[in-house]
Amino acid sequence: MRLYNTRTRSVEELEPLDRQQVRMYVCGLTPSADAHLGHARSFLFFDVLRRFLIFRGMRVTFVQNVTDIDDRSIATAQAEGVSWREVVNRYFGSFKASMRRMHVLEPDVEPRATGYITPIVAMIEELIRRGFAYVAPDAVYYRVKAFPRYGALAHRNLEELMIGARIEPGEGKQDPLDFALWKFAKPGEPEWPAPWGAGRPGWHIECSAMSDALLGVPFDVHGGGLDLIFPHHENEIAQSEPLMEHPPMANFWVHGGLLEFDGRKMSKSLGNFEPLSALLDRHDAQAIRWLFLMTGYRKPMNFREDAIAGATVALGRMYDAYDALRETPPSDDDSRPAGSVKAYRERFVAALEDDMNTAGAVSVLFDLAGSARDLIAAGAASEAAAFLHEAMSVLGVSPNERTLPRRPPTVLSARSLDVAGKPFALSGPQDPELPGELVAQLRPLVEPAVSLNGCAPREAVERTILARAAAKARRDFASADDLRRALAAVGITLVDTKEGATWSLSH
RNA sequence: GGCGACGUAGCCAAGUGGUAAGGCGGAGCUCUGCAAAAGCUCUAUUCCCCAGUUCGAUCCUGGGCGUCGCCUCCA
């Protein structure tokens, strides 16, 4: 398959260093605040990339780190008067729960920086020994000018980077571009022992140490958001490659486009987001995944909440098509040629092989869904259903993983009643939040046909529905329609079924 | 200021040197007494603007304009 490589700024064929084995390292979260939808976009993309590689028959080793120690989580902890571990566990736990809700596959390894202090210290020692780092009063710093290729990933030269770079008060760096590998602990800060003084790793070094420890360098794919290119990934390269015989550290550097909200990057520092978990409480997780799939992974994407509603409808129709295909009894007509869905499959795979064109792949699935009738008529229903299932699995929205409720939605309570001597199943929301004034609103619309004396809102709705059913039974359609309109006027949507009727509250 | 990305219908969005996928929404129709669901049909003479290259450009080149990102912590 072909993938865009930030390192070379071109689309290249992905050829694993080990045949049939792709080693991936994706920069995970620094749990110092709530995760947001922008994080979800990134992790969802790498999840689909991983699923597709597996689908193509490769073994994938997927490492995603947790930077569980950094300045920000310490600051949050101090502000709240709790331990930094508590802060990390809280936000990381919430993040993991959200990932599970979106059916993001578990990483094969999910290392925490604090679990790799020993290799981190060893790597820093080696960098010092080779002249790439030095010990200052406040920290151990990386000597950027010692690494001639610095800036290559971000396509920047040192002069460009010097602009705006400065040494903050209290920093003992020798050059404004230098960055900390190890920060000595101030009183009250967490610390781990090290030859140069107790402290904590700086941001960046954990990824260099852990990717080497768990995957070995060089490896195949290093991923993250576009905003990690500089300085994070540039610094990882500067730390790792001087110690390697055969750079580059990673063959492919893959970066996902950022999510914007109101035309601005969604980010922790701007605070222009709501927690991912809150969004997942309001929307279907698979619909959010589907929404991201419909946009190229490298493009900036402006988030609008109403787009999720559109994606929810679209994905629901996809499932409907799948259900229709799957529920079609096997054809007894064996004359049909096998492989009616072969062309769809080829287009689907070709789209994903072309730099993960998920939007193109999704459109193939819509094409297939639109042709469901023809496929059924051609006796290819089960073949099409099987393909759709497989294709949706690659995208992480397989019917097995379905989180979208089947229609009719939220029918949680049902009662068996009797209308005109026939059974009548009445169903509606379990605990409807009906406005208290509903009875007063409904009464003038339905009386005297229906008596609502002393009714609670829910009972009023049900009485009206039953009255309408009775009217239908005596073929008094005019009255039945009046009652439907009356219910609609107070926000009740009524759907007739073979067995009876289902109602719901239209917000 | 430097570097980079993006700019396609009401909204979202794919894509190609040869004449615009798909989704949402909207409109009409079919089918069900009505409604819902489902199905069918329609919905960009045109791809931010201007020049250039070309037989031909939305796609290539140059110049604008606009939006965003990175250059400082952020997927």
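Every chain is numbered from 1, with letters handed out A, B, ... down the list of sequences. Computation of the quantities below employed the complete heavy-atom set of this structure, encompassing side-chain atoms and omitting hydrogens, waters and symmetry-equivalent molecules.
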Identify whether the distance between the nearest side-chain nitrogen and carboxylate oxygen of A:Asp138 and A:Lys173 falls below 4.0 Å. no
So which one's nearest nucleotide on RNA chain B is more toward 5', A:Arg347 or A:Ser267? A:Arg347
Please state the C1' separation for the pair B:A9 and B:A38 - nearest whole angstrom. 27 Å
Counting any heavy atom closer than 4.0 Å, what does A:Leu291 reach on the DNA or RNA strands: base, sugar-phosphate only, or nothing? nothing
With sequence neighbours left out, the residues meeting ring-ring contact (aromatic ring centres under 6.0 Å, His included) with A:Phe179 are A:Tyr142, A:His204
Contact list for RNA chain B against residues 88-106 of chain A - heavy-atom distance below 4.0 Å: none
Tabulate below the donor-acceptor pairs under 3.5 Å that side-chain atoms of residues 96-103 of chain A make, not counting sequence neighbours, or state none.
| from | atom 1 | to | atom 2 | distance (Å) |
| --- | --- | --- | --- | --- |
| A:Lys96 | NZ | A:Glu106 | OE1 | 3.2 |
| A:Lys96 | NZ | A:Glu106 | OE2 | 3.3 |
| A:Lys96 | NZ | A:Glu110 | OE1 | 2.6 |
| A:Lys96 | NZ | A:Glu110 | OE2 | 3.3 |
| A:Ser98 | OG | A:Ser94 | O | 3.3 |
| A:Arg101 | NH1 | A:Asp281 | OD1 | 3.2 |
| A:Arg101 | NH2 | A:Leu280 | O | 2.8 |
| A:Arg101 | NH2 | A:Asp281 | OD1 | 3.1 |
| A:His103 | ND1 | A:Gln286 | NE2 | 3.3 |
| A:His103 | ND1 | A:Glu401 | O | 3.1 |

Short N-O contact, A:Arg282 and A:Glu305, less than 4.0 angstrom: yes
Look at the side-chain N and O atoms of A:Arg298 and state whether any lies under 4.0 Å from the OP1 or OP2 oxygen of B:C68. no
Heavy-atom distance under 4.5 Å between the side chains of A:Gln174 and A:Tyr141, does that happen here? no
Classify the nucleic acid contact of A:Gly370 as base, sugar-phosphate or nothing, counting any heavy atom under 4.0 Å across all strands shown. sugar-phosphate
Taking the side chain as every heavy atom from C-beta outward, state whether A:Leu29 and A:Tyr91 have any pair of such atoms under 4.5 Å apart. no
Suppose you measure atom C1' in B:C73 against the same atom in B:G63; what distance do you get, rounded to whole Å? 37 Å
In the strands shown, is B:C11 matched to any nucleotide by a Watson-Crick or G-U wobble pair with both distances under 3.5 Å, and which? B:G23
Keeping the roles fixed (side chain from A:Ser73, backbone from A:Val88), state whether a donor-acceptor pair exists under 3.5 Å. no
With the threshold set at under 4.0 Å for non-hydrogen atoms, list the residues of residues 473-484 of chain A touching RNA chain B in residue-number order. A:Phe477, A:Asp481, A:Arg484
Starting the side chain at C-beta, find the nucleotide from B:C12, B:C70, B:C24 nearest to A:Arg304. B:C12
Nearest to the side chain of A:Asp367 - B:C11, B:G22, B:A75? B:G22
Should A:Arg90 and A:Glu80 count as side-chain neighbours, where that means a heavy-atom distance under 4.5 Å? yes
Would you indicate whether the side-chain heavy atoms of A:Cys207 and A:Gln239 approach each other to under 4.5 Å? no
Minimum-distance nucleotide to A:Arg9 side chain [options: B:U72, B:G4, B:C6]: B:G4
Please examine the side chains of A:Val11 and A:Asn5, heavy atoms only from C-beta on, and report whether any two atoms are closer than 4.5 Å. no
Note, A:Phe184 side chain near A:Val140 side chain (heavy atom, < 4.5 Å): yes
Considering only heavy side-chain atoms of A:Arg156, the closest of B:C68, B:C70, B:A35 is B:C70
Considering only NZ, NE, NH1 and NH2 on the basic side and carboxylate oxygens on the acidic side, decide whether A:Asp481 and A:Arg485 come within less than 4.0 Å. no
Same-atom distance (P) from B:C50 to B:A75, integer angstrom: 42 Å
Need one value for A:Thr295: base, sugar-phosphate or nothing, where a base atom within 4.0 Å counts as base even if backbone is also close, heavy atoms only. sugar-phosphate
List in numerical order all residues of residues 356-366 of chain A for which some heavy atom is under 4.0 Å away from an atom belonging to RNA chain B. A:Asn357, A:Ala359, A:Ser363, A:Phe366
Can you tell me the Watson-Crick or wobble partner of B:C73, both distances under 3.5 angstrom? none
Quick one: look up who B:C60 pairs with, Watson-Crick or G-U, both distances under 3.5 Å, and put none if it's unpaired. B:G52
Nucleotide nearest A:Pro231 (side chain, heavy atoms from C-beta), chosen from B:U72, B:A75, B:C68: B:U72
Is there a Watson-Crick or G-U wobble partner for B:U46 with both distances under 3.5 Å, and if so, which one is it? none
For B:C12 and A:Lys299 - does any side-chain N or O of the residue sit under 4.0 Å from the phosphate oxygens OP1/OP2? no
Between A:Gln64 (CD) and B:A75 (C1'), how many Å, whole number? 9 Å
Return the value, rounded to whole Å, for the distance between atom CZ of A:Phe46 and atom C1' of B:A75. 8 Å
Counting only side-chain heavy atoms from C-beta out, which of B:A75, B:G39, B:C73 sits nearest to A:Arg373? B:G39
By nearest-nucleotide position on RNA chain B, the 5'-leaning member of A:Pro300 and A:Gly257 is A:Pro300
Distance, C1' atom - from B:A35 to B:U19, rounded to whole angstrom: 45 Å
Hey, could you give me each pair passing ring-ring contact (aromatic ring centres under 6.0 Å, His included) that has a residue in residues 353-376 of chain A? Not counting sequence neighbours. A:Trp290-A:Phe366
Among B:C71, B:C3, B:C70, which nucleotide sits nearest the side chain of A:Glu160? B:C3
So do the side chains of A:Phe62 and A:Arg23 get within less than 4.5 Å of each other, counting heavy atoms only? no
Base paired to B:C6 (Watson-Crick or G-U; both N/O distances under 3.5 angstrom): B:G66
Which whole number of Å gives the distance between the C1' atom of B:C59 and that of B:C68? 22 Å
Please work out if A:Gly263 contacts a base, only the sugar-phosphate, or nothing of the nucleic acid, heavy-atom cut-off 4.0 Å. sugar-phosphate
Give a yes/no answer on whether the side chain of A:Arg264 brings an N or O atom under 4.0 Å of OP1 or OP2 in B:U67. no
For the C1' atoms, the ones on B:U32 and on B:G39, what distance do you get once it is rounded to whole angstrom? 12 Å
Using a 4.0 Å heavy-atom cut-off, does A:Ala314 contact any base of the nucleic acid, only the sugar-phosphate backbone, or nothing at all? sugar-phosphate
Can you figure out which of B:C24, B:G33, B:C71 approaches the side chain of A:Phe230 most closely? B:C71
Please classify the nucleic acid contact of A:His36 as base, sugar-phosphate, or nothing, using heavy-atom distances under 4.0 Å. base
Using a 4.0 Å heavy-atom cut-off across all strands, classify A:Leu226 as base, sugar-phosphate, or nothing. nothing
Rounded C1' spacing from B:U45 to B:C40 in Å: 26 Å
Using purine N1 to pyrimidine N3 plus N6-O4 or O6-N4 for Watson-Crick, or N1-O2 and O6-N3 for G-U wobble, both under 3.5 Å, which nucleotide pairs with B:U30? B:A38
Check whether the side chain of A:Asp496 and the base of B:C34 form a donor-acceptor pair under 3.5 Å. yes
Rounded to whole angstrom, note down the P distance from B:G23 over to B:U41. 11 Å
Side chain to side chain donor-acceptor pair (under 3.5 Å) evaluation trace for A:Asp482 with A:Ser479: CA-CA 5 Å; A:Asp482 284 345; A:Ser479 298; 5.3 Å; no
Any base atoms under 4.0 Å from A:Arg41, or only sugar-phosphate, or nothing? Heavy atoms, all strands. nothing
